[in-house]
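Just so you know, these numbers use all the heavy atoms, side chains as well, and skip hydrogens, waters and symmetry mates. Just so it is clear: chains get the letters A, B, ... in the order the sequence lines come, proteins before strands, and each one is counted from 1.
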There are 2 protein chains.
Amino acid sequence: MKEAVKLLRDSGIQLTPQRTAVVESVLESTTHPSADEVFEMARRKCPTVSRATVYNTLNLLVEKQVVRAQILREGTVVFDTNMKKHHHFIDDETGTIHDIPWESLEVRGEQRLDGFDVREYQVILRGRKKRT
Amino acid sequence: MKEAVKLLRDSGIQLTPQRTAVVESVLESTTHPSADEVFEMARRKCPTVSRATVYNTLNLLVEKQVVRAQILREGTVVFDTNMKKHHHFIDDETGTIHDIPWESLEVRGEQRLDGFDVREYQVILRGRKKRT
DNA sequence: GTCCAAAACTAGACCAAGTCTAACACAACT
DNA sequence: AGTTGTGTTAGACTTGGTCTAGTTTTGGAC
């Protein structure tokens, strides 16, 4: 949060009330919100913020590497505030997305793929979360 | 192809010219086509086929497990005719999707995830394909 | 403080992927 | 032939997202 603000300011980007609302909204959220969900949250903080500004700001955050855009749901991009490498588990029933720590899975062979230069990878798991 | 036709017929589904065009189109394609790409291919075989029929038929094929729907591209589902377990590599520059054989990667730990019942998983890799 | 240019914002138009609906076509059964 | 069910079509609709034109805000020069 603090660093995000700093990073944006250092990039010569003005921190307007609208942008602050968007940045706070997405960074506060513990789930993996879609742009529209961020829009709703931001609206509560700053009722005049427009959809365009939400999309612009989110794309700016992706560009500045404050959040990551992930393709995990049909039809919509979700935003991920966890910038550490990790995998994703998607609940079949609810569609909820859970972060899986990088260390809990071991993947081998990705540097030995013939003809492919792997820049990054992640495991996408699907199934059911056990209620505890 | 042959089995697909049989499977559909056995499920009590009439093989109309429109459906045949869709089934042939998707099964012939070596890439990972979107519904719209299938629509175009199918149109060439059967010019009267409508978008609705393409979507209906593709969803039918997914239901009958003739093809798989994959969330790999922003904004659109793609269809995968390779029903064997495999991973995916996405070229950063072209967006082209490549199948990676299941055996060329080794993943461990997915059954030991605390609180998660994993039904299926795959590795999504991104980077650049070397031109050979 | 005033003025100007640049940056930011908004509403709404637009676009693309996908679903839904109402009307029509056609087969199978009586 | 009439009825029922399955299939198809065009087009309306919905949703996620981008683009645009016009307005507001801001920061700097004076």
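- Crowding of A:K130 atom NZ: a count of heavy atoms from other residues, nucleotides or ligands under 6.0 Å exceeding 12.
- Considering only side-chain atoms of B:I13, the nucleotide from D:dT8, D:dG7, D:dA10 that sits closest is D:dG7.
- For B:R128 (side chain) and B:D92 (main-chain N/O), no donor-acceptor pair under 3.5 Å exists by modelled atom type.
- A salt bridge links A:E37 with A:R73; the closest basic N to acidic carboxylate O contact falls under 4.0 Å.
- For the pair B:L58 CG and C:dA17 P, the interatomic distance rounds to 14 Å; values are reported in whole Å.
- Counting non-hydrogen atoms under 4.0 angstrom, B:T48 reaches the backbone sugars and phosphates but no base.
- Nearest-nucleotide mapping onto DNA chain C: of B:A35 and A:N56, the residue sitting toward the 5' end is A:N56.
- Summarising the geometry, the separation between CZ on B:R51 and P on D:dT9 is reported as 13 Å, rounded to the nearest angstrom.
- Scanning both residues, B:I90 and B:L72, for their nearest heavy atoms gives CD1-O, 3.7 Å.
- The side chain of B:T16 lies closest to D:dG7 when the candidates are D:dG7, C:dG12, C:dC9.
- Between B:L60 atom CG and C:dT19 atom P there is a gap of 13 Å when expressed in whole angstrom units.
- The CD-P distance, from B:Q14 to D:dG7, rounds to 5 Å in whole Å.
- Here C:dA27 presents its C1' atom at 13 Å from CZ of B:R19, a figure rounded to the nearest Å.
- Distances were taken from every side-chain heavy atom of B:A52 (C-beta onward) to each of C:dT10, D:dT9, C:dG18; the shortest belongs to D:dT9.
- Regarding contacts with the backbone of D:dT18, every side-chain N or O of A:Y55 stays at 4.0 angstrom or more from both OP1 and OP2.
- Regarding contacts with the backbone of D:dG7, every side-chain N or O of B:T53 stays at 4.0 angstrom or more from both OP1 and OP2.
- Atom CD of A:Q18 is separated from atom C1' of C:dA8 by 8 Å (rounded to the nearest Å).
- Residue A:N59 contributes atom CG, which lies 14 Å from atom P of C:dC9 at whole-angstrom precision.
- OP1 or OP2 of D:dG17 has at least one side-chain nitrogen or oxygen of A:T76 nearer than 4.0 Å.
- Of the candidates C:dC9, D:dT9, C:dA17, the closest approach to any side-chain atom of B:S50 belongs to D:dT9.
- Side-chain N/O atoms of B:H32 and B:N82 include no donor and acceptor closer than 3.5 Å.
- Distance B:R73 CZ to C:dA16 P: 15 Å, rounded to the nearest Å.
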